[in-house]
Amino acid sequence: MIALGIILLVIGFVTGISILWTIGIILTVVGAILWIMGSMGHAMAGRRHYW
């Protein structure tokens, strides 16, 4: 999810499409939060890790 967010950020920045930029930021932030929560050992949605 983090990788997809970064890819969308780059594509949105290069092409100037603001919706890709916004979606990229959201995916990157959500992916980072899930990664941090998973590494701390918190179960999310019944899973120990989100991947």
For residues 18-27, dump all side-chain donor-acceptor pairs below 3.5 Å to protein atoms at least two apart in sequence or in another chain.
from, atom 1, to, atom 2, distance (Å)
Thr22, OG1, Ser18, O, 3.0

Decide side chain to side chain contact (heavy atoms under 4.5 Å, CB included) for Ile6 and Thr28; before the verdict, give the C-alpha distance in whole Å, the side-chain angles of both, and the deciding distance to 0.1 Å.
-> CA-CA 7 Å; Ile6 292 172; Thr28 304; 4.3 Å; yes
Among Val14, Leu9, Ile7, side chain to side chain contact (heavy atoms under 4.5 Å, CB included) partner for Ile11 | Ile7
